[in-house]
Amino acid sequence: MQNEQEFDPIKSIEKKYDTLEQKPSYLDVLNPEQYQAVVHEGKSLLILAGAGSGKTRVITTKIAYLIGQKNVNPRSILAVTFTKKAADEMRERAVALEPLAADAQIRTFHSFGAYFLRVNAEAAGVDPNFTVYDDDDSVTLLSKAVVGLTKGQSSKYAHKISLAKDYCLLPDDPETADLDSDPEFPGIYRAYEKRLRETGNCDFGDLIMLPYLALKNNPNLRARTQRRFQVIMVDEYQDSNTAQFKLLQALSGAEEGSGTYVCVVGDDDQSIYKFRGAEIKNILTFKDKFPGTDIIRLERNYRSTEEILRVADSVVSNNGGRLGKNLRSERGKGKKPVLAFLQNQEQEAEFTGDLIEETHKMGVPYSDWAVLYRMNAQSLEFESEFLHRKIPYEIVGSLKFYEREEIKDLLSYLSLIANPRDEIAFRRIVNKPARGIGLTSQEKIIDAAREAFAAGEETSITEKMREIIPDFSKKAREGGETFLQAFDAVQGLLKTADSSGSDTAKLSELVEAISEKSGLLEYHKDQDEISGTQRAANMQELANSAVLYPCTREGLLEFLDHIELDRTLEKTDSTDETDRVTLITLHNTKGLEFPRVVITGMELGVFPRQDKTGGDLEEERRLFYVGITRAQNELYFTSCSQRRMYGRNEYSTPSPFLLEMGQDNVKIIGHKPSSFMGGGFHGGDFGGMGLSNPDLNADPLMKKYSRGAKIYHDDYGYGIITSGHVSDEGEYVVTIRFENGGIKRFLPKYQEGALMVVKD
């Protein structure tokens, strides 16, 4: 028997316990940079994660690693992102790697803010049972708090208040007045806040601002919270706004030398939400705000081929405001992207349809394809083309074109002009915008019209309305007269054009007149600062599609028949719902990927937008970069030499982004425009503000009043020339968009004295 004093039990069991210190298997799948980011500790960390580089794997693995290998209490970990879907995925993947991660705080920013306010309600000065008002609730509350505001004004001010809270600005802060030049804004904001606090509820801006203010103003709460959260992680950090940055600073105690470990993950090249308040400077200056920060770049891309990434890097490298990285494909060289120069948007849709149909014959599913565009309104041509070809599609992030509210409103006006007995069309538009003509008044009008129709009278709903409105209340009578004036004006436009027998007038003029005279354009623009702009663009796109038809009754009926056919094709489409082409705006593609991508409308004025300069232009370029990096295997770009804009066929200049891609990096098909020759744009600088038709630049008047020129007009104020074209009569016509939202056309040859060019 072995001597008991010589026996060492550790020797026989130590190997068993040594295995517990070996790294877990989930670390084996990481590349060197991902591994470095996961095991990093000590200083704050900025992970610059390029598109398709596996950032979600890194952040979820890091949560699991900290808990399972570094013995960090999961309750002391806070991980935040921006969408519920992303937060749910982060939680699910972290728990799959380490079950204890279920006790970590993995939330959206706003969800964490609501949680914090309920736990610390007294310190934050809120009722713990508060509910959260959405945007519509805020507009309604503001209209009650400030008597006399219209719905449009309430919507505008509510948006400004939301923006103020994104910057953590209170009504009495000096910077609040700088946010809006309107001297009444601080007072309106103050009245809204008073009413909101009286309700005991919060709006979305409060969910970030109030926790920050509570931490800022309460040292004990701040210290207690910083002790609680020892690790704070933020995903998609490039999308954070000023308030979220301030909250992160307060939670981590960065300015006080707290021991909290802060790790943010983001991509400065994918910051595309400035219109929502996102501040790219948060990620660009993170190292300055959190001294001693380490930066790890994830540059290995697992999504796209080498040829696609070469184009992406060539474009985004033109931005000055970036930290810099170069993506490397892990998938090989792949096919060279294709740039197609086409004649117009009909050919653009036809080209895209050909691509999809030819590959589908070879067994490629429709769902492999995504068609990307800058504005929702651009979907119309593709929808029509796909419907007629029976190519199934889905619109992501918005309704199909003819299902949109503003389009239905315009079509109702057209329908009532075409058929004076159309009761449904009449009901939709007679009280929109609100004119005090409620359901009771509408029923009286409809009943009178039906009786007249039954008696065989040659009349219309609007004529019967004209007869009976004198008996209505003053408000309804005045509202009815306003409607009839607008309807008579647009109906008269069609009658005049129809009776003249000329085919020079286009139906687009009728659609534009309806938009303005009916009040619908202003109504939809007032709904929301962002969505209102999109709705206005959709209304203009309907006018663009009507330019193909004469402004006659026959042309109107043909146009409505065309639309009804498209609607019918939509309803009869019975293809498998899962196998569909995706139609989507560039903004909505963030976080998605597709085997085959077509990026359309690559012209100056469409993408990038006409008014983008400086930092705004850099964001447009980042948006292009996001679109490019959605493609896995194949990538196509389309650029048209002409496009219907504002109801006219306009010459187009290729997008300056196309030259930045590098002509050697793409295969070019179609007729390369002269402006694309020799590596530069004809007749213009980088901004490409000159017209692409060389003949126009030869005329001094056309050169003076070229697209992009700033104009001052005594009656309309400041504006910018958005397009110029030579009419069928040989006259040079310019379209000017004024700061007040109005769009007007002028003949510079005859009106030069009224159009003063403003030099910067």
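Here the structure is a predicted model, which means the values were calculated and not measured.
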The test is side-chain contact (heavy atoms from CB on, under 4.5 Å); show your working for E512 and Q540 and say whether it passes. CA-CA 7 Å; E512 290 180 333; Q540 183 60 58; 3.1 Å; yes
Should V511 and L410 be marked as a side-chain contact (heavy atoms from CB on, under 4.5 Å) after you check the CA-CA gap, both sets of side-chain angles, and the distance that decides it? CA-CA 7 Å; V511 179; L410 286 179; 4.1 Å; yes
Determine whether E593 and R303 satisfy the following criterion, salt bridge (Lys or Arg N to Asp or Glu O under 4.0 Å), listing intermediate values before the conclusion. CA-CA 8 Å; E593 57 186 33; R303 175 187 299 153; 2.9 Å; yes
Output, in order, the C-alpha distance, side-chain angles, deciding distance and verdict of salt bridge (Lys or Arg N to Asp or Glu O under 4.0 Å) for E357 and K361. CA-CA 6 Å; E357 280 192 339; K361 291 175 185 176; 5.6 Å; no
Which is it for N376 and R404 under the side-chain contact (heavy atoms from CB on, under 4.5 Å) test, yes or no, and what are the steps along the way? CA-CA 11 Å; N376 277 314; R404 295 166 186 166; 4.1 Å; yes
From CA spacing to verdict: ring pair (Phe, Tyr, Trp, His ring centres under 6.0 Å), Y625, F657: CA-CA 10 Å; Y625 172 84; F657 296 158; over 10 Å; no
After noting the C-alpha distance and the side-chain angles of D239 and K590, does the key distance pass the salt bridge (Lys or Arg N to Asp or Glu O under 4.0 Å) rule? CA-CA 11 Å; D239 294 335; K590 184 78 178 296; 3.3 Å; yes
For a side-chain contact (heavy atoms from CB on, under 4.5 Å) check, start with the C-alpha distance between R596 and Q632, then their side-chain angles and the critical distance, and finish with the verdict. CA-CA 7 Å; R596 294 168 171 82; Q632 296 172 300; over 6 Å; no
Run the salt bridge (Lys or Arg N to Asp or Glu O under 4.0 Å) test on R643 and E603 for me, step by step, so that the C-alpha distance in whole Å, both residues' side-chain angles and the decisive distance to 0.1 Å come before the verdict. CA-CA 9 Å; R643 185 173 291 273; E603 302 114 39; 2.5 Å; yes
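The side-chain contact (heavy atoms from CB on, under 4.5 Å) with I514 is formed by just one residue from the set L411, I417, I429; it is I417. For the pairing with L755, the side-chain contact (heavy atoms from CB on, under 4.5 Å) check across L747, I736, I721 returns one residue only, I736.
Side-chain contact check for E346 versus L548: some heavy-atom pair is nearer than 4.5 Å. Side chains of E406 and L520 form no contact here, defined as non-hydrogen atoms less than 4.5 Å apart. When side chains are defined from C-beta on, E619 does not count as touching K612, because their heavy atoms never get closer than 4.5 Å. Inter-residue side-chain proximity for N633 and P595 is flagged as met; some heavy-atom pair is nearer than 4.5 Å. Side-chain contact between I599 and Y373 is absent, with no heavy atoms from C-beta onward closer than 4.5 Å. L355 is listed as a side-chain neighbour of V598, based on a closest heavy-atom distance under 4.5 Å. By the 4.5 Å heavy-atom criterion applied to side chains, E307 and N665 are not counted as neighbours. Residues P654 and F341 have side chains in contact (heavy-atom distance under 4.5 Å, counting atoms from C-beta outward).
In this structure, a donor-acceptor pair under 3.5 Å is absent between the side chains of T352 and W369. Between the side chains of K672 and Q663, at least one donor-acceptor pair of N or O atoms lies under 3.5 Å. Counted by atom type alone, E348 and T638 present one or more donor-acceptor pairs between their side chains at under 3.5 Å. Side-chain polar atoms of N544 and E541 form a donor-acceptor pair below 3.5 angstrom. Checked by atom type, the side-chain pair Q345/Q378 shows no donor-acceptor distance below 3.5 Å. Residues N344 and Q642 bring no donor and acceptor atom of their side chains to less than 3.5 Å of each other.
The closest donor-acceptor contact from the side chain of N301 to the backbone of A51 lies under 3.5 Å. Y732 places a side-chain N or O within donor-acceptor distance of the main-chain N or O of Y705, the cut-off being under 3.5 Å. In this structure, the side chain of T600 engages the main chain of L372 through a donor-acceptor pair within 3.5 Å. The main-chain N or O of E381 is never found under 3.5 Å from a side-chain atom of S384 such that the two would form a donor-acceptor pair. Side chain of S304 to main chain of L309: no donor-acceptor pair is present (N/O by atom type, distance under 3.5 Å, no hydrogens or angles). With T589 contributing its side chain and L592 its backbone, the two residues share no donor-acceptor pair below 3.5 Å. Using a distance-only test at 3.5 Å, with no hydrogens or angles considered, no donor-acceptor pair links the side chain of R428 to the main chain of Y413. Distance alone, capped at 3.5 Å, places no donor-acceptor pair between the E358 side chain and the D354 backbone. At least one donor-acceptor pair under 3.5 Å links the side chain of R622 to the backbone N or O of S271. At least one donor-acceptor pair under 3.5 Å links the side chain of D579 to the backbone N or O of S367.
The heavy-atom pair separating D422 from L416 by the smallest distance is O-CD1, 3.6 Å. Between S518 and A486 the shortest heavy-atom distance is CA-CB, 4.1 Å. What you find for G519 and P433 is that their closest heavy atoms are O-CG, 3.6 Å. The two residues A546 and L507 make their nearest non-hydrogen contact at O-CB, 3.4 Å. The two atoms that bring P608 and S655 nearest to each other are CD-OG, 3.4 Å, heavy atoms only. K390 and Y366 get closest at one heavy-atom pair: O-OH, 4.4 Å.
Note: K517 NZ to L510 CG = 11.0 Å, rounded to the nearest 0.5 Å. In this structure, the separation between CE on M602 and CG on L342 is 13.0 Å, given to the nearest 0.5 Å. The CE atom of M375 sits 11.0 Å away from the CG atom of L586 when rounded to the nearest 0.5 Å. The CG atom of L617 lies 5.0 Å from the CZ atom of R621; values are rounded to the nearest 0.5 Å. Interatomic distance, OG of S314 versus CG of L659, reported as 12.0 Å (0.5 Å rounding). Put simply, CZ on F382 and OH on Y393 are 12.5 Å apart, with the number rounded to the nearest 0.5 Å.
Partners of K432 under the salt bridge (Lys or Arg N to Asp or Glu O under 4.0 Å) rule, at least two apart in sequence or in another chain, are E405, D409.
More than 12 non-hydrogen atoms from other residues, nucleotides or ligands lie less than 6.0 angstrom from NZ of K336.
Using a 4.0 Å cut-off between charged side-chain N and carboxylate O, K335 and E634 make a salt bridge.
Ring geometry for H562 versus F559: interplanar angle under 30°, hence parallel rather than tilted (30 to 60°).
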